[in-house]
Participant: 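The structure is given below, and queries will be raised subsequently.
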Amino acid sequence: MATVQAPRGTKDILPEDVVYWQYIEAIARSTFRSAAYQEIRTPIFEQTNLFERGIGEATDVVGKEMYTFTDRGDRSLTLRPENTAGVARALIEHNLQAQGGVQRLWYSGPMFRYERPKAGRQRQFHQIGVEVLGSASPRADAEAIAVAMNFLAALGLKTPQLMFNSIGSFEDRKAYREALVDYLTPYKDDLDSDSQDRLTRNPLRILDTKVERTREIIQDAPTLIQQMSSESIQRFEQVQQLLTDLGLAYTIDPQLVRGLDYYTHTVFEIQAEELGTEATVCAGGRYDGLVEQLGGTEVPAVGWASGVERLLLLVKEHGAVPAQAVDFYVVSRGDRAEANALALSQTLRKLGFAVELDLSGSAFGKQFKRADRSGAAACFTLGDAEAEQGTVQIKWLASGDQEEMKQDEIEAIAPNLRQKLDQLVS
RNA sequence: GCGAGCGUAGCCAAGGGGUUAAGGCAUCGGAUUGUGGUUCCGACACUCGGGGGUUCGAAUCCCCUCGUUCGCCCCA
């Protein structure tokens, strides 16, 4: 490409799409407010080792997807590939847990992963997520999931499927990893090459392979739940009970393993069938060890993140986010009238109206055409005659009714204008 | 990172070696020089993502490259 273009896997969000983003963000805000979550904003880049320590060096995200660079001070920095590590870091750094009780936080912003782009997957993408820090209660898990479901429901998504599993404690997983490796090692040569690789790096991921032969082998492999302590199993059952009590339908998916190392116990995904391969619209789980692993005290936590681009695909499909129109459109022609029109626009704006001023200087007919298309309720017209007499024509575009008034009366009749606008809306 | 498809105007597109690159939407101008939503007329790609090659001749064939889409991997 000879001309300039956005980097691969990034996208401009143009005004016609921004209305959808604002819609999603507004619903997120009100959903989180209703559950007493507070917003937190952390840096878009962090020290590289935060992610290495938090997410895990063996993960794909850290191993091959990070945007890492060295700054002028020779520091290794990384554009955040997710935000849980950053929030945990902020919690530690500002001693938020010392304020006692539970920290319920939410965030929204861009994340970066070096991946091959496709529909619903970009290199710069956006996540809205929540983190509940400081509670080990199964109710925290259930609440976080419930809030996620509230959010998706409020967005009007009809078919979110909640997939749910427990991957036990770190100890459970360690025991399971050994059992799994013991079981698989004799079959090593029969495994696909990816899985052979994972046998040493990340054996749990072999479970969700799609390779036929490997699937056959893992059919009879030991299961995680067999290795889980009775406490872990009890915890798993408690969360299930709570979800059931809340009337939330879920499917237990024993194959569900998250890609990041910090998860413990509860893991879940919410999927929307319509999206095909990139169907996961929200994912998360419990991460009891993360804060401690990053050098903080022991802070049990649970959270999730939702991909805004994917939500956007669904929300757009369901249509119907009203474009916001201006209240008034101001049309003018002639030097004095045009100057008056600018001043009038300002007056109206200061009175609280949304006003678009036509700057074209073209024929009144053309300007009216634009007034019509702008969706404004009324058009204010100023020409030579009005400039001469200090008047302005107000035409209500739906009815075609036109009235004339003095320019300096506008302030006085503002309440009437407001009233008319409100009537038109209802 | 691997395999495959696609790339013609702001948008949706036809055209698959022969020279004027269909059509629709949008936009702009006019009919209507101070009054809109309809209608009618007109304008709107020295050029087919970019670079190179084959050919008398390339949007059409070949190579490279960039972007995108689908599958794998992984993931929100």
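We name chains A, B, ... by the order of the sequence lines, and we start the count at 1 in each one.
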Participant: Taking the same atom, P, in B:C66 and in B:C28, what whole-Å distance lies between them?
Facilitator: 38 Å

Participant: According to a strict under-4.0 Å criterion, is A:R121 in side-chain N/O contact with OP1 or OP2 of B:C72?
Facilitator: no

Participant: Classify the side chain of A:R310 versus the base of B:C75 as yes if they form a donor-acceptor pair under 3.5 Å and no if they do not.
Facilitator: yes

Participant: A:E386 near the nucleic acid: base, sugar-phosphate alone, or nothing, with a heavy-atom cut-off under 4.0 Å?
Facilitator: base

Participant: Would you kindly say whether A:Q124 and A:Q122 are connected by a side-chain donor-acceptor distance under 3.5 Å?
Facilitator: no

Participant: Taking CZ from A:R116 and C1' from B:C75, how many angstroms apart are they, rounded to a whole number?
Facilitator: 16 Å

Participant: Across all strands shown, which nucleotide pairs with B:C72 by Watson-Crick or G-U wobble geometry, both distances under 3.5 Å?
Facilitator: B:G1

Participant: Would you say A:R333 reaches B:G34's phosphate, i.e. side-chain N/O to OP1/OP2 under 4.0 Å?
Facilitator: yes

Participant: Examine B:U68: is either OP1 or OP2 under 4.0 Å from a nitrogen or oxygen in the side chain of A:R8? Give yes or no.
Facilitator: yes

Participant: Aromatic rings A:F151 and A:F32: how do their planes relate, parallel, tilted or perpendicular, breaks at 30° and 60°?
Facilitator: tilted

Participant: If the glycosidic angle is within 90 degrees of 0 it's syn, otherwise anti, so just tell me which one B:G16 is.
Facilitator: syn

Participant: So, A:Q367 versus A:R370: side-chain donor-acceptor pair below 3.5 Å or not?
Facilitator: no

Participant: Going by a 90° cut-off around 0, is B:C28 syn or anti?
Facilitator: anti

Participant: Just to confirm, is there a sub-4.0 Å distance from OP1 or OP2 of B:A26 to any side-chain nitrogen or oxygen of A:R373?
Facilitator: no

Participant: With rounding to whole Å, what would you report as the distance between B:G49 and B:G15 at their P atoms?
Facilitator: 15 Å

Participant: Would the base of B:G34 count as contacting A:Q402 through its side chain, where contact means a donor and an acceptor less than 3.5 Å apart?
Facilitator: no

Participant: Establish, from distance only, whether the side-chain atoms of A:E403 and A:W396 form a donor-acceptor pair under 3.5 Å.
Facilitator: yes

Participant: Taking pairing as Watson-Crick or G-U wobble with both contacts under 3.5 Å, can you name the mate of B:G42, or confirm there isn't one?
Facilitator: B:C28

Participant: Across the strands shown, which category fits A:C282 at heavy-atom distances under 4.0 angstrom: base, sugar-phosphate, nothing?
Facilitator: sugar-phosphate

Participant: NZ of A:K118 versus P of B:A76: gap in Å, rounded?
Facilitator: 15 Å

Participant: To the nearest Å, how far apart are A:D253 CG and B:C75 P?
Facilitator: 14 Å

Participant: If pairing requires Watson-Crick or G-U wobble contacts with both distances under 3.5 Å, which nucleotide is the partner of B:U20?
Facilitator: none

Participant: How many whole angstroms separate atom CG of A:L152 from atom C1' of B:A76?
Facilitator: 12 Å

Participant: Using whole Å, what does the distance between atom P of nucleotide B:C28 and atom CG of A:L359 come to?
Facilitator: 14 Å

Participant: Does B:U8 pair with anything, Watson-Crick or G-U wobble, both distances under 3.5 Å, and if so, with which nucleotide?
Facilitator: B:G15

Participant: Report which part of the nucleic acid A:G334 touches: base, sugar-phosphate, or nothing (heavy-atom distance under 4.0 Å, all strands).
Facilitator: nothing

Participant: What is the separation between atom CG on A:L397 and atom C1' on B:G37, rounded to the nearest whole Å?
Facilitator: 9 Å

Participant: For the ring pair A:F268 and A:F164, is the centre-to-centre distance below 6.0 Å?
Facilitator: no

Participant: Base of B:G36, side chain of A:K366 - is there a donor-acceptor contact under 3.5 Å?
Facilitator: no

Participant: Using Watson-Crick or G-U wobble geometry with both distances under 3.5 Å, which nucleotide pairs with B:U55?
Facilitator: none

Participant: Do the side-chain N or O atoms of A:K369 get closer than 4.0 angstrom to the phosphate oxygens (OP1, OP2) of B:U35?
Facilitator: no

Participant: With sugar-phosphate meaning primed atoms plus P, OP1 and OP2, does A:R113 contact a base, only sugar-phosphate, or nothing at under 4.0 Å between heavy atoms?
Facilitator: base

Participant: Expressed as a whole number of Å, how far does the P atom of B:G52 sit from that of B:A59?
Facilitator: 14 Å

Participant: Distance check, C1' atoms only: B:C61 and B:A76, in whole angstrom units.
Facilitator: 42 Å

Participant: If pairing requires Watson-Crick or G-U wobble contacts with both distances under 3.5 Å, which nucleotide is the partner of B:C48?
Facilitator: none

Participant: Quick one: A:D384 CG to B:U35 P, roughly how many Å, whole number?
Facilitator: 14 Å

Participant: Answer yes if the ring centres of A:F45 and A:F51 are under 6.0 angstrom apart, and no otherwise.
Facilitator: no

Participant: Tell me what A:Q393 touches on the nucleic acid: a base, only sugar-phosphate, or nothing, going by heavy atoms under 4.0 Å.
Facilitator: base

Participant: Assess the pair A:Y114 and A:Y67: is the distance between their ring centroids shorter than 6.0 Å?
Facilitator: yes

Participant: Report which part of the nucleic acid A:G129 touches: base, sugar-phosphate, or nothing (heavy-atom distance under 4.0 Å, all strands).
Facilitator: nothing

